[in-house]
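Comments concern the structure below.
Just the heavy atoms: all of them, side chains too, but no hydrogens, waters or symmetry mates, feed the values below. In what follows, residues are counted from 1 in the order of the sequence shown.
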Amino acid sequence: MNFQSKKKLGQLLCEKLYLDESNLEIGLAEQKIEHRPLGQILLRLGYITQPQLNESLSIQVGIEKIDLTDISISPEVITLVPAELVSKHSILPLRHENGRLAVAMIDPFQPQVIEDLRMVSGHPVRRYYAEPAQMENSILKFYGSNVARMLDNLVPAEQRPKAEMENGDYSPAKLSELAREPSLVNLVNLIILEAIEARASDIHIEPFEHQVKIKYRVDGMLIEKAPSSKRLQAAIISRIKIMADMNIAERFVPQDGHIEFTGKKGRVDIRVSTVPTVFGESVELRLLDRSVSLIGLEELGMNTQSLEGFDQCLRKTHGIVLVTGPTGCGKTTTLYAALKKIYSPAVKMITIEDPVEYQLEGINQMPVNPKRGLTFATGLRHILRQDPDIIMVGEIRDRETANISIRAALTGHLVFSTLHTNDAPGAVTRLIDMGVEPFLLASSLEAVLAQRLVRTICSNCKKPYKPDETLIRSLNGSVAINPDTQFYHGTGCNDCIQTGMKGRTGIFEMLRITHTMRDLIAARPTTEQIIKAAPADHISMEHDGFAKVLKGITTPEEVMRVAKSIGEEE
C-alpha cells in the first residue's frame, strides 16, 4: 500500500488502462498552463470518468477498495445512518472497526459528507472505496424498501390493531407537533426520494378505512408500495401540507401547494393537491424534475413523415398548430420541444400556461392565475399587446380562448396550443362545437398533431417472444406482418422494477391541413369526412404504434392498451 501511495496519478490511470500515454502527455502539458489538479484537467478533456478518477485517487492515498457483492450488514449498523443520507450521497455503512464506523463510498473525497456521517452516527468514519454499480445494488438490497422498513419501524406490524378506525382527529397544534417529529420528517423525505429514484411522475397517498395506500406513477402506470398504518395518516398528510405551505387545520376543502425539494441530482419542483374523502384527505404530488433536460423534437419518437410535416409548420410565419390528446400524454413536452427548436433572439416568444412546468431560456412565460382574474383568455388579450411573433397557449378550454387564439393566428402570429380530443380530426369538430366560425378555422389552422405515450421495452431484459395469436390477427388488420417477424418483450428485472418496460416514447398522428381540407372545414365536416380527405401520407396513431412494435421498441399488448382508448370515442 505504501508503494502504491507513492505512485503518481497519471501512472495509476495508465496502469488501470483508463488512460493512454499520449492523452496523459496532453493532460500534463495543460497542467503546466492551468496549474490545476491533473485529475480535474483529464476529466474536463473527457479522457477519464469521475468513477475512474475516484478509484485511482483512492489507491493513491491508500483508501482500500471493498467488494460489496456478498457483504452482510447488521440491522444495528443500518439504523445508524438515515436512508436519506445513503441515497443522496451513494454511501453505505458497513460495520464497526475499532471505535470507527466503516463506510463504503463511491467518492471518498467529500469532507462535508464524512462530517455529516460523524454527526448522525456519533462515530469517527473510516472510508472505503466501492464501485458505483455494486453500490447501487447494495443500497437497493439494504435500503431499497426503506419506506416499508421505516413504516414498520414507526408502527411494527405486530402492534397494529386489526381494524384501525381512528382517522387521527387531532387539534392543529398537535398535528403540527406530530408532523415535525424527526422520524416523520425522514419518512416523508424518503417517500419522495424513493419516488424520484423510481423515475415516478406522481406520488399518490390515499386514505382508506384500515390503512393509507402509497402509490407511485411510473411510465404512466400506478405501482402500489408498502401501505402505511392508519395511525400515521394525520402526521404524514400534515407533514406534506407544512412542506407545501398549506393550511393544516383545514381538512374538508381541497387545497393546492408547492414544494421545492432537493434530490440526489438536483432540484425537484413538486405540485401538491389535496382533496377530502370519506376516510380523510387524499394527497397527490406531481414531481417536476428540473435536473432532467427537455427532450429535443427528434427524440420524441415521431416517424419521418410526422416529423417533416411538423417541422414545416414550425417554419410558418402565422397560423395555428394544435397538439391533442388526454392529460399526461406529453402534449406540453412536444410544444416545449417545438419552441426550443425554433427559438431565436430575433423573435419574441410568449407563453401562457397553467402552470409553467419548465422554464425555457429566452422565452417569456406567464402562469394563469384565475384567483386574480388572469385566465387564458384575459392573458392572451394582453399578450397580443406585447408584439409577439410566436405565442403558446397552454390549453384551449373555452370558446373565448379559442376565438382569440384563431384571430391571433389570422393577424400574423404563429400560435401553438393543446386541446383535449381523442385524435387529430376530432380537433376540428371540437373547435366548431365550441363556437369557432368554420371559415375562420379553415383559414387559420395549419396542422393538428395527436399523440399518446407507450411504454418501451426494457433494454436490460429484452427477449424475443411469441404474442397471442388473436393479438397478431388484430395487428394484421392494420399492418402487413411477415410470418417470420420477431416480436420482443421484457421479462422483468431490477432496472425496470420487474415490469419489463422502462421509459416511454410517443405514437403520433400528424394531420396537415391542405387546400382540399380547408374547403371541407368551412362546410362543417364530420370526423369521418376529415379522415377521408386527409393527405395520402397521413398515418394514424395505431399504425405508428404497430410500426414501433415491428421495430422492437414496444410490445403489441402495450399498443393495444393505448390504441383501445383512441378508438373508444370514435
So, are [X] and [Y] salt-bridged, with charged N and O less than 4.0 Å apart?
X: Glu558; Y: Arg455; result: yes
X: Glu400; Y: Arg381; result: yes
X: Arg267; Y: Asp269; result: yes
X: Arg199; Y: Asp219; result: yes

Using a 4.5 Å cut-off on heavy atoms from C-beta on, say whether the side chain of [Y] contacts that of [X].
X: Thr324; Y: Asp423; answer: no
X: Val268; Y: Leu288; answer: no
X: Pro388; Y: His413; answer: yes
X: Ser306; Y: Asn303; answer: yes
X: Ile270; Y: Arg286; answer: no
X: Phe310; Y: Leu297; answer: yes
X: Met510; Y: Met541; answer: no
X: Met434; Y: Leu419; answer: yes

Nearest-0.5 Å distance, [atom1] of residue [X] to [atom2] of residue [Y]:
X: Arg504; Y: Met221; atom1: CZ; atom2: CE; result: 10.0 Å
X: Leu550; Y: Gln486; atom1: CG; atom2: CD; result: 12.0 Å
X: Ile248; Y: Ile242; atom1: CD1; atom2: CD1; result: 4.5 Å
X: Phe416; Y: Met349; atom1: CZ; atom2: CE; result: 7.0 Å
X: Asp433; Y: Arg399; atom1: CG; atom2: CZ; result: 12.0 Å
X: Leu335; Y: Met392; atom1: CG; atom2: CE; result: 5.0 Å

Test item: side-chain donor near acceptor, [X] and [Y], under 3.5 Å:
X: Arg385; Y: His382; answer: yes
X: His538; Y: Gln305; answer: no
X: Thr334; Y: Gln451; answer: yes
X: Gln233; Y: Lys230; answer: yes
X: Asn189; Y: Arg239; answer: no

With a 3.5 Å distance limit and no angle check, can you tell me whether [X] reaches the backbone of [Y] through a side-chain donor-acceptor pair?
X: Thr456; Y: Gly503; answer: yes
X: Ser444; Y: Ile320; answer: no
X: Lys331; Y: Gly325; answer: yes
X: Lys462; Y: Gly552; answer: yes
X: Gln255; Y: Glu250; answer: yes
X: Arg217; Y: Ser201; answer: no

I need the minimum non-hydrogen distance between [X] and [Y], along with the two atoms involved.
X: Ser282; Y: Glu206; value: OG-CG, 4.2 Å
X: Cys313; Y: Ala447; value: SG-CB, 3.4 Å
X: Ser228; Y: Ile236; value: OG-CD1, 3.6 Å
X: Ala402; Y: Val436; value: CB-CG2, 3.6 Å
X: Pro438; Y: Arg524; value: CG-CG, 3.6 Å
X: Ile530; Y: Val428; value: CD1-CB, 3.6 Å

Would Thr274 and Met246 satisfy side chain to side chain contact (heavy atoms under 4.5 Å, CB included), going step by step from the backbone distance to the final call? CA-CA 10 Å; Thr274 68; Met246 293 155 85; 3.5 Å; yes
Both conditions, 6.0 Å and 45 degrees, for the charged tip of Lys463 above the ring of Tyr488: are they met here?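 Because its charged atom misses either the 6.0 Å distance or the 45° angle limit, Lys463 does not stack over Tyr488.
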Pairs meeting criterion salt bridge (Lys or Arg N to Asp or Glu O under 4.0 Å) with involvement of residues 306-327, two or more places apart: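 Passing the test, one end in residues 306-327: Asp311-Arg315, Asp311-Lys341, Lys316-Glu446.
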Hey, mind stepping through Tyr216 and Leu222 against side chain to side chain contact (heavy atoms under 4.5 Å, CB included) and telling me if it holds? CA-CA 6 Å; Tyr216 300 159; Leu222 278 176; over 6 Å; no
Heavy-atom count around [X] [atom1] within 6.0 Å, excluding the residue itself: above 12?
X: Arg512; atom1: CZ; answer: no
X: Glu361; atom1: CD; answer: no
X: Arg407; atom1: CZ; answer: no

CA sep, side-chain torsions, deciding dist, call: Asp389, Leu414, side chain to side chain contact (heavy atoms under 4.5 Å, CB included): CA-CA 6 Å; Asp389 300 292; Leu414 183 57; over 6 Å; no
Evaluate salt bridge (charged side-chain N to carboxylate O under 4.0 Å, His left out) for Asp202 paired with Lys215, printing each intermediate quantity in order. CA-CA 8 Å; Asp202 302 80; Lys215 299 173 184 174; over 6 Å; no
Evaluate the criterion side chain to side chain contact (heavy atoms under 4.5 Å, CB included) for residue pair Ile390 and Val415; output intermediate values, then yes/no. CA-CA 6 Å; Ile390 295 164; Val415 180; over 6 Å; no
Given the rule in the side chain to side chain donor-acceptor pair (under 3.5 Å) test, do Asn422 and Arg430 qualify, once you have shown the distances and angles that lead to the verdict? CA-CA 10 Å; Asn422 228 23; Arg430 176 67 55 86; over 6 Å; no
Output side-chain donor-acceptor pairs under 3.5 Å for residues 362-374, partner residues at least two apart or in another chain, one line each.
from: Gln365; atom 1: OE1; to: Leu360; atom 2: N; distance (Å): 2.7
from: Gln365; atom 1: NE2; to: Glu353; atom 2: OE2; distance (Å): 3.0
from: Gln365; atom 1: NE2; to: Tyr358; atom 2: O; distance (Å): 2.9

Could you walk me through whether Glu281 and Lys241 pass salt bridge (charged side-chain N to carboxylate O under 4.0 Å, His left out), step by step? CA-CA 11 Å; Glu281 286 175 288; Lys241 286 167 84 173; 2.9 Å; yes
